[in-house]
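When a residue number appears, it is its place in the shown sequence, counting from 1.
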Amino acid sequence: MKKLLTLALLLITAQVNAQTPCNLFPRYDQEVFSNVDILIDIPFGSNVDYTGATQTLKMDIYQPQGDTLAVRPLIIFAHGGSFVAGDKSNSDQVNLCMAFAKRGYVTATVNYRLGIAFPIGAATATDAVYRAQQDMKAAIRFFRKDAATANQYKIDPSTVFIGGTSAGAFTALHTAYMNTYPELPSTIDTTALGPIEGNSGNPGYTTDVNAVINLCGAIGESTWIIPGDAPLCSMHGTADGTVPYGAQMLYLLGVIPIQVVNGSYAIHSYLNSSSLPGVMYTWYGAPHVPYDGNTVSAQAYLDTTLRFVSNFLYDYLGCTPSDTNPAPNTVYTTTSIHNSAATNSLFSAINPAGSEIILNGIQNEGILSIFDETGRKVRSQSLKQGNSRISIPCSDLENGLYFIHFECVNGVQMTKIMIRH
């Protein structure tokens, strides 16, 4: 059994409590706090890493400054870095924690044990994911223990969300959904690595979660998600060269083949076919973690990310978001730089029926790429300034849905959907 009774009770509690968040509008839907209190390097547990050394696990906790509410929903984020690098202070994690703390949530970004033993392959990489999800479970228990004792952080123990970026999203997905022993890959040695719940600290408290935020991540098997499990919010770019958008081979650091994993598109397709709760936003033509960075483009992607995830969580709380979800393939900003509707002037004509694709009207220098519906890049070429008519051979492409993506040298990105027939 997958603790269905416990999770059902949590969901019922969340539904009962859902009357209060809506009455607090615009809290949780919009940023209502100007400042955030940040606690750095808070120990939440310890465990042995892949070398046998004991590591103290730490997190940074973000709380809305001046908040007088007695209990607040909690979001725990985990950073990316391919399970060999990264830190809770990564800029994307800080941005997420700050933005949602300003909305009234308590947020945290956690460190987890890094490192993959040699020889690097499917088994040792799976061990790394297993260790990370054990550590995230210790973080969940840390907050529920605090709520039951000192109550320093004033979290609502019945409303706990987890998420992450890239490897952090792997961690969140496996924490929530790889949660019974029959689901464990046969290579995992629970005698050596410990039980699913792990020994990283704070035993005696449930690690059930209410919802999962998957940003550019993947899971070993989509079928681990079953009725009664937490609903899922996913965001992923079709041109992600680090974590597959669909069900494809995962390469560590882009070089070492690990195993076929199910990226966000594959997971969401499974959820739809199984009538399981979940939402997904696709960035057509976007690379891995497009919202991380100091560029105008990254900030625009971040705006979209915050709005889409915020709407998902606010809807879970039983409330109606004030803004609709970002339109497909757009950025949620007043000056859109990634809008498929804007590409009509860029691609004034497309002929996908014959042996070539004809593009008229491209005047700028940049990179033109074509992706199939799973996110696999099937064409790519550099364009020089002044190109007015481009011919791309396509006789070998099967009929179906494709995305033509053009990225100008000045950072502007445009995408158009093409159906080959």
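- The backbone N or O of A172 sits nowhere less than 3.5 Å from a side-chain atom of Y177 that would complete a donor-acceptor pair.
- Taking the six-membered ring where the residue is Trp, Y153 and F142 present tilted rings, their angle falling between 30° and 60°.
- Evaluation of the side-chain hydrogen bond (donor to acceptor under 3.5 Å, both in side chains) rule for R131 yields no partner, not counting sequence neighbours.
- Contact record, V36 with K102: CG2-CG, 3.7 Å, taken as the closest heavy-atom pair.
- The side-chain contact (heavy atoms from CB on, under 4.5 Å) test with V261 is passed by exactly one of I267, L173, L250: L250.
- Using a 4.5 Å heavy-atom threshold, the side chains of R103 and D29 count as separate.
- Inspection of the S89 and D60 side chains reveals no N or O donor paired with an N or O acceptor under 3.5 Å.
- One distance of note links CD of E183 with CD1 of I225; it measures 9.5 Å at 0.5 Å rounding.
- A pairwise comparison of heavy atoms in P73 and F161 identifies CB-CE1, 4.2 Å as the closest pair.
- Residues Y62 and T109 meet the side-chain proximity criterion, which asks for heavy atoms closer than 4.5 Å.
- Of the possible polar contacts, one joining the Y130 side chain to the G194 backbone as a donor-acceptor pair under 3.5 Å is found.
- Side-chain contact between I76 and V110: present, with at least one pair of heavy atoms (C-beta onward) separated by less than 4.5 Å.
- Here Q63 pairs with R72 under the side-chain hydrogen bond (donor to acceptor under 3.5 Å, both in side chains) rule; sequence neighbours left out.
- For D315 (side chain) and N311 (main-chain N/O), no donor-acceptor pair under 3.5 Å exists by modelled atom type.
- Of all non-hydrogen atoms in H288 and D240, the two that sit nearest each other are ND1-OD2, 2.6 Å.
- For the residue pair Y245/T282, the side-chain donor-acceptor check at 3.5 Å is satisfied.
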Stepwise side-chain contact (heavy atoms from CB on, under 4.5 Å) check, K58 with K88: CA-CA 9 Å; K58 298 180 180 181; K88 56 185 172 58; 4.1 Å; yes

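- Taking each heavy atom of S200 and R141 in turn, the nearest pair found is N-NH2, 4.4 Å.
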Worked check of side-chain contact (heavy atoms from CB on, under 4.5 Å) between V209 and M136: CA-CA 11 Å; V209 297; M136 177 165 271; over 6 Å; no

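- In summary, D208 and K137 do not engage in a salt bridge, as defined by a charged side-chain N under 4.0 Å from a carboxylate O.
- In the model, T165 has a side-chain atom that pairs as donor or acceptor with a side-chain atom of Y291 under 3.5 Å.
- Residues I116 and V84 have side chains in contact (heavy-atom distance under 4.5 Å, counting atoms from C-beta outward).
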Chi angles and distances behind the side-chain contact (heavy atoms from CB on, under 4.5 Å) call for F83, T171: CA-CA 9 Å; F83 296 99; T171 300; 3.5 Å; yes

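- A salt bridge between R379 and D396 is present, with a side-chain N of the basic residue lying under 4.0 Å from a carboxylate O of the acidic one.
- The side-chain heavy atoms of V279 and F308, taken from C-beta on, include a pair separated by under 4.5 Å.
- Formation of a donor-acceptor pair under 3.5 Å by the H236 side chain with backbone atoms of V243 is found in this model.
- T238 places none of its side-chain heavy atoms less than 4.5 Å from the side chain of Y265.
- One distance of note links CE of M235 with CZ of F312; it measures 12.0 Å at 0.5 Å rounding.
- In this structure a side-chain-to-backbone donor-acceptor pair under 3.5 Å is present from Y112 to H79.
- Taking all atoms of both residues into account, the shortest heavy-atom contact from G104 to F33 is CA-CE1, 3.9 Å.
- Side-chain atoms of L232 and N214, non-hydrogen and from C-beta on, do get closer than 4.5 Å to each other.
- Note that CD1 of I140 is 11.0 Å distant from CG of N202, once rounded to the nearest 0.5 Å.
- The distance from atom NE2 of H268 to atom CG of N262, rounded to the nearest 0.5 Å, is 14.0 Å.
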Verdict with supporting geometry, Y270 and L276, side-chain contact (heavy atoms from CB on, under 4.5 Å): CA-CA 8 Å; Y270 166 75; L276 295 173; 3.9 Å; yes

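- A side-chain contact (heavy atoms from CB on, under 4.5 Å) with F77 is found for exactly one of N90, I213, D92, namely I213.
- Looking at Q133, its side chain does come within 3.5 Å of a backbone N or O of I196 through a donor-acceptor pair.
- Shown here for G115 and A128, the closest heavy-atom pair between the two residues is O-CB, 3.7 Å.
- Interatomic distance, CD of Q299 versus CG of D292, reported as 11.0 Å (0.5 Å rounding).
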From CA spacing to verdict: salt bridge (charged side-chain N to carboxylate O under 4.0 Å, His left out), R144, D156: CA-CA 8 Å; R144 286 205 167 109; D156 179 357; over 6 Å; no

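- Counting heavy atoms from C-beta outward, Y281 and T304 have side chains that approach closer than 4.5 Å.
- Note that the CG atom of L69 and the NZ atom of K154 stand 10.5 Å from one another [nearest 0.5 Å].
- Side chain of R113 to backbone of V48: a donor-acceptor contact under 3.5 angstrom is found.
- When atom types are taken as modelled, the side chain of T107 and the backbone of C97 share a donor-acceptor pair closer than 3.5 angstrom.
- Side-chain atoms of N179 come within 3.5 Å of backbone atoms of A176 as a donor-acceptor pair (strictly under, hydrogens ignored).
- With hydrogens and angles left out, the side-chain atoms of N210 and Y316 include a donor and acceptor closer than 3.5 Å.
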